[in-house]
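Shown next, in structure tokens, is the structure this report addresses.
Remember, it's 1-based here, ligands and their atoms both numbered in the order they're listed. For this chain, numbers begin at 1 and follow the sequence in order. Fair warning: this is a prediction, and the values are worked out from it, not measured in the lab. Side chains included, hydrogens not; waters and symmetry mates left out as well; all remaining heavy atoms used.
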Amino acid sequence: MYHILITDDLGTAGLALLDQATDVQFEVVRLPDRQQLLERIGAYDAIITRSGTPLTAEIFQAATRLKIAGRAGVGLDNVDIDAATQRGILVINTPEANTLAATEMTMALLLALCRHLPWADASIKRGEWTRSKFLGAELHGKTLGVIGLGRIGSRVAWRCHAFGMRVLAYDPYIAEEIAERAHAQLVGDLDELLTQADVITVHTPLTDETRGMIGAAQIARMKPGARVVNCARGGIVDEQALYDGLVAGKLAGAALDAYSTEPPRTDLLRQLLALHNVIASPHIGANTVEAQHAVAVQIVTQVLDALRGVNYSNVVNLPFVEGLDYRAIQPYLTLAEKIGALQMQLVRGRIERVEVECRGEPIEQWVKPLTVALLRGLLYPILREAVNYVNAPRLADERGITVSQTRHPVAEGYSNVLLCRVVSSQETRLVGGALFLRDQPRIVLLDNFRIDALPAGCALVMLSRDVPGVMGQIGTLLGKHGINIAHWHMGREAPGQRQLSFINIDTLAAEPVVAELIAQPMVLDVRQVTL
Ligand code: NAD
């Protein structure tokens, strides 16, 4: 018998599935407090939650027989994944169940915005009959700009094409064929989309790169009278800039389902939502009967499959390989993810090929799971929780990335080294990593440079001329901006040629600081990364 604890509302279809399972006993304890959960969790093989139950390290510590933590939904903010991983507990979510709900919500917002529906409805309910006030705009013949052409973005594109729109899409991480299938024309840079689109809709996750990606400068480049929809995550569209653009009359309207603060109770958000041309909904993109049903059925099916050992779908934290010694491989998985994440943040252009090479004992035998971990690390900066160890190869494939793996029994210079070459439309970059003292990840090779860098936290990867005073000048400049240097590792080609510095810093450098670094005469290139 598998014992399962349900701690949040789970759709009746999910409960019915559990009822029918002859090898399951389950209990529903709605939103238990910390103490209740600590006392009970030791009795269960699996727990199914939504966002209301924090699954902390302390809870996982007490969960002595727990094998699976199922999250009905996509966000994993309430789950300490590292703690679960350390205890060998699989964390499973349902990233795909609400795709259609969010797609249709976007369509609803687009249409309501163009036809003034909320205001027309309010007006007639006040007893008015003022048809001329609600002169709408048609989607047909207009240009849609989709930012982020993933599951939802591509479905929105497809539907808007059917409405007779011309669809432009900006997504630097997907292949041309994906865009073609969605009837969208892929543009090389965001400006191209901003200057042509009548309606702009964002469908990216919230990442360091996408936070504020529609700001004042981007709104300034839009067509006068453009409309903006954010049914993805709050913060992708800068709310102050949006407010200013609407008040100035540059934008005709905006529709929002997600906010940087939820509920949206800041002064700025109150003012923004009070504008006559803003439609707002309380983050209900996933709220449909069908999506809730799909989430419940999917999470129960996935948890039961994993408990029974028949299938492992949407496992967020473990690559499933029969007989894998998880404790032994775990530090190498972390290293592989760090190498992937570093490559994604370093390389310019669209990634076309990833070559993974495992050299030396013991990693030579683990080339497959380490490649999966590397791909997860590579895609994580752009896809966040949507990418896991199970779907990372498929998501890479969907982005037109070819992956090759090779193994070699001997590593030169180290007992083992994990190498990753990434070929993009613009350049080729090589990153090598090794473990020091069995569990300390290090970057030991960056392109032509041998280094010994710590892949943790924020870092500046700086290419410069090998001249005296680099450390002094750069250190002073960072100090002037209050940025503390934690470690500085350097490698150089030959005296007087080029040197590469990997500078770990305690806080992220703001964009103007990075620009100031790049402007230094001896500096050739700077990339800021978070690992
Ligand atoms: P997805 O992972 O399938 O697609 C995201 C796409 O964004 C990917 O193709 C990725 O390459 C692209 N991307 C990443 N960084 C980018 C950048 N800097 N510029 C351009 N493109 C970039 O995700 P999805 O399932 O389609 O979800 C999209 C968004 O919708 C997510 O933020 C998700 O949280 C949100 N969402 C909201 C609701 C809601 O209730 N409103 C419901 C479901 C999903």
May I have a table of the N/O to N/O pairs between ligand 1 and the protein that fall below 3.5 Å, each row giving the two atom names and the distance to 0.1 Å?
residue, atom, partner, partner atom, Å
ligand 1, 3 (O), Arg151, N, 2.9
ligand 1, 9 (O), Gly150, N, 3.4
ligand 1, 9 (O), Asp171, OD2, 2.7
ligand 1, 9 (O), Arg399, NH2, 2.9
ligand 1, 11 (O), Asp171, OD1, 2.8
ligand 1, 11 (O), Asp171, OD2, 3.2
ligand 1, 18 (N), Glu209, OE1, 3.2
ligand 1, 25 (O), Arg151, NE, 3.1
ligand 1, 25 (O), Arg151, NH2, 3.3
ligand 1, 26 (O), Arg151, N, 3.3
ligand 1, 26 (O), Ile152, N, 2.8
ligand 1, 32 (O), Thr204, O, 2.7
ligand 1, 40 (O), His283, NE2, 3.4
ligand 1, 40 (O), Gly285, N, 3.3
ligand 1, 40 (O), Ala286, N, 3.3
ligand 1, 41 (N), Cys231, O, 3.0
ligand 1, 41 (N), Asp257, OD2, 2.9

Next on the checklist: Does the plane of the ring in Trp158 sit parallel, tilted or perpendicular to the ring in His183? Use 30° and 60° as the thresholds.
Outcome noted: tilted

Item to check | Cation over ring face, Arg399 and Tyr173, 6.0 Å, 45° | outcome: no

Checklist entry - With distance as the sole criterion, is a donor-acceptor pair present between the side chains of Glu239 and Ser260 under 3.5 Å? => result yes

Item to check | Donor-acceptor under 3.5 Å (Glu357 side chain, Gln405 main chain) | outcome: no

Checklist entry - Any sub-3.5 Å donor-acceptor pair from Arg155's side-chain atoms to Arg159's backbone N or O? => result no

Checklist entry - If you take all heavy atoms of Val372 and Pro393, which pair is closest and at what distance? => result CG2-CG, 4.1 Å

